[in-house]
Protein chains: 2
Amino acid sequence: MATKVFIVDDHYMVVEGIRSLLQNEKGIEWTGHAMNAASCLAFLQRQQPDIILMDINLPDKSGIDLCKEVKEKYPSVFIIGLSTFNQQSFIQKMMDSGASGYVLKNATQEELMEAISVVIKGKIYFSDEASQVLTKTDANPILLTRREKEVLELIAEGLTNNEIAQKLFVSPTTIDTHRKNLLAKFGVRNTASLIRDATKLQFI
Amino acid sequence: MATKVFIVDDHYMVVEGIRSLLQNEKGIEWTGHAMNAASCLAFLQRQQPDIILMDINLPDKSGIDLCKEVKEKYPSVFIIGLSTFNQQSFIQKMMDSGASGYVLKNATQEELMEAISVVIKGKIYFSDEASQVLTKTDANPILLTRREKEVLELIAEGLTNNEIAQKLFVSPTTIDTHRKNLLAKFGVRNTASLIRDATKLQFI
DNA sequence: CGGTATATCCTGTTTTTAAGGGATTGCAGC
DNA sequence: GCTGCAATCCCTTAAAAACAGGATATACCG
């Protein structure tokens, strides 16, 4: 029985590319595609594919949220993340949300086919590059606590320590301490490079 | 005579997608693809296509730089920018570097064909969404001077006013003024949100 | 020529951060 | 019960940035 594959990606060219890569493969049945999260969920109400190839960047909802929602409603559907970004946090979040694998958009046909055949068996698949990224960043992870993330975002919003303190109902000196720890964890000297690095590493 | 089209994009799936979209079109001749700037330039030494579809994000060089270089060496080749990002500055920079058009990766086959046929005549083509973005941001452009950009980047690097002043051989008070103007132009209150907004708007 | 933009520099004051030092509570895992 | 971590709070000093309100020179452009 052929493996039913469905694609969610807002880039028409990528959808076409995948379709073209899979169309001559025996054992693969192309069940359709969606350009956003909403039409993906609508499709799933009617029928469930075996595998969904899902982009992380969608217009109406992040692929991470969609992944979570799909896995809750249809646990038997396997999801493979799909993205140009090879950022640690994205890959990790996708897997945390229930994805069974992760493939970068510069993957070859062989990689894609291997990913599908591995995942359909219930196993986990990482593309070479994705797993490289994971092991690389595992060596040097910046782990922030809940509170630190919260403070970081408010700093980026432009709030001062006093304003953040008011908003979180704590003392300004507490915010100061969190700030101190953020600078230390990122290994930077001031707010400017903190925000820059945090943005590049997708914390904001 | 068929229009010779060449693709530069590091994402195999996108290359496949475009190939699939163009393969049945009469009047289009697929001359090949490159996954990075270096192999694109190597290809051009041997033969020149009529049109290059060029991604903005390449592994070894930005599409903007590659565009400039290609136009200098081979002015007769028309370039169409290709990107998922619909950021004002990217589109603008691509056009400034000599591109003749801009198409988003979620373009349909019709849009792509129209872009090629318009550009081959020496005219300029914008996809609907891209031009929407341009006109939108034209209403609210943040125009920085050379010096302001320079200062902005050094602020993001984490340098203090004094350090920036030393580096640029000017007085610290001058840097202070530039900083004041940057805050005003971005409409923000402090460095944190300045860096955040500047990053999101691709100034950094 | 006059207007505009850019870049430079100044003197202040006030607010905010950075960087050093500590300290206490509560909770989870061993 | 101890350990480690997260989160909270406090103090001090010095540096940096923000805010206010200027001035000057240069260059480009209609």
Side-chain angles (χ1 to χ4, degrees), chain A residues 89 92 96 138-199 201 203-204, chain B residues 88-89 92-93 96 137-201 203-204:
Chain A
S89 54
Q92 198 51 60
D96 291 346
D138 269 354
N140 180 29
I142 294 182
L143 294 174
L144 302 184
T145 66
R146 253 189 326 257
R147 208 50 160 175
E148 281 166 350
K149 278 181 203 165
E150 221 171 334
V151 171
L152 177 58
E153 270 166 35
L154 293 173
I155 292 171
E157 296 281 328
L159 303 195
T160 67
N161 284 352
N162 285 325
E163 289 166 337
I164 297 172
Q166 279 192 350
K167 198 154 204 164
L168 300 183
F169 306 106
V170 295
S171 154
T173 61
T174 304
I175 306 302
D176 195 61
T177 305
H178 288 311
R179 212 164 179 140
K180 213 187 297 184
N181 295 334
L182 281 167
L183 291 177
K185 284 191 179 178
F186 277 86
V188 293
R189 296 191 306 163
N190 53 35
T191 306
S193 34
L194 170 68
I195 299 300
R196 171 164 144 279
D197 289 4
T199 313
L201 295 175
F203 283 101
I204 299 173
Chain B
Q88 34 135 253
S89 55
Q92 198 52 60
K93 278 184 191 162
D96 291 346
T137 51
D138 268 355
N140 180 27
I142 295 182
L143 295 173
L144 301 184
T145 67
R146 253 190 324 258
R147 207 52 158 176
E148 282 166 351
K149 280 180 201 164
E150 221 170 335
V151 171
L152 176 58
E153 271 165 35
L154 293 173
I155 292 172
E157 296 280 329
L159 303 194
T160 67
N161 284 352
N162 285 325
E163 289 167 336
I164 297 172
Q166 280 193 348
K167 199 155 204 163
L168 301 182
F169 304 107
V170 295
S171 155
T173 62
T174 303
I175 306 303
D176 195 60
T177 306
H178 287 312
R179 216 166 176 139
K180 212 188 297 183
N181 294 333
L182 281 167
L183 291 177
K185 285 192 178 177
F186 278 86
V188 293
R189 296 191 306 164
N190 53 35
T191 307
S193 34
L194 169 68
I195 298 299
R196 171 164 145 280
D197 289 4
T199 312
K200 301 235 159 169
L201 295 174
F203 282 102
I204 298 171

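Values in this document were obtained by computation on a predicted structure and should not be read as measured data. Within every chain, numbering begins at 1; the chains are lettered A, B, ... in the order of the sequence lines, protein sequences first and strands thereafter.
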Between [X] ([atom1]) and [N] ([atom2]), how many Å, whole number?
{"X": "I155(B)", "N": "dT17(C)", "atom1": "CD1", "atom2": "P", "result": "16 Å"}
{"X": "L143(B)", "N": "dT4(C)", "atom1": "CG", "atom2": "P", "result": "17 Å"}
{"X": "I175(A)", "N": "dC10(D)", "atom1": "CD1", "atom2": "P", "result": "12 Å"}
{"X": "N161(B)", "N": "dT17(C)", "atom1": "CG", "atom2": "C1'", "result": "13 Å"}
{"X": "E163(B)", "N": "dA16(D)", "atom1": "CD", "atom2": "P", "result": "7 Å"}
{"X": "E148(A)", "N": "dA7(D)", "atom1": "CD", "atom2": "P", "result": "6 Å"}
{"X": "K180(B)", "N": "dT13(C)", "atom1": "NZ", "atom2": "C1'", "result": "13 Å"}
{"X": "R179(A)", "N": "dA15(D)", "atom1": "CZ", "atom2": "P", "result": "19 Å"}

With a 4.0 Å limit, can you tell me whether [X] has a side-chain N or O closer than that to the phosphate oxygens OP1/OP2 of [N]?
{"X": "R189(A)", "N": "dA18(C)", "value": "no"}
{"X": "R146(B)", "N": "dT6(C)", "value": "no"}
{"X": "N162(A)", "N": "dT16(C)", "value": "yes"}
{"X": "T191(B)", "N": "dA17(D)", "value": "no"}
{"X": "T173(A)", "N": "dT8(D)", "value": "no"}
{"X": "H178(B)", "N": "dT6(C)", "value": "no"}
{"X": "T145(B)", "N": "dT6(C)", "value": "no"}

Do [X] and [Y] touch side chain to side chain, with heavy atoms closer than 4.5 Å?
{"X": "I164(B)", "Y": "V170(B)", "value": "no"}
{"X": "F186(A)", "Y": "L144(A)", "value": "yes"}
{"X": "L159(A)", "Y": "R189(B)", "value": "yes"}

Would you say the side-chain atoms of R147(A) and T174(A) include a donor-acceptor pair closer than 3.5 Å? no

Residues E157(B), K167(B): salt bridge by 4.0 Å N-O rule: no

dC9(C) base / T177(B) side chain donor-acceptor hit below 3.5 Å: yes

Would you mind classifying the nucleic acid contact of T160(B) as base, sugar-phosphate or nothing, using non-hydrogen atoms under 4.0 angstrom? sugar-phosphate

Walking DNA chain C from its 5' end, the first of L183(A) and D176(B) to be reached, judged by nearest nucleotide, is D176(B)

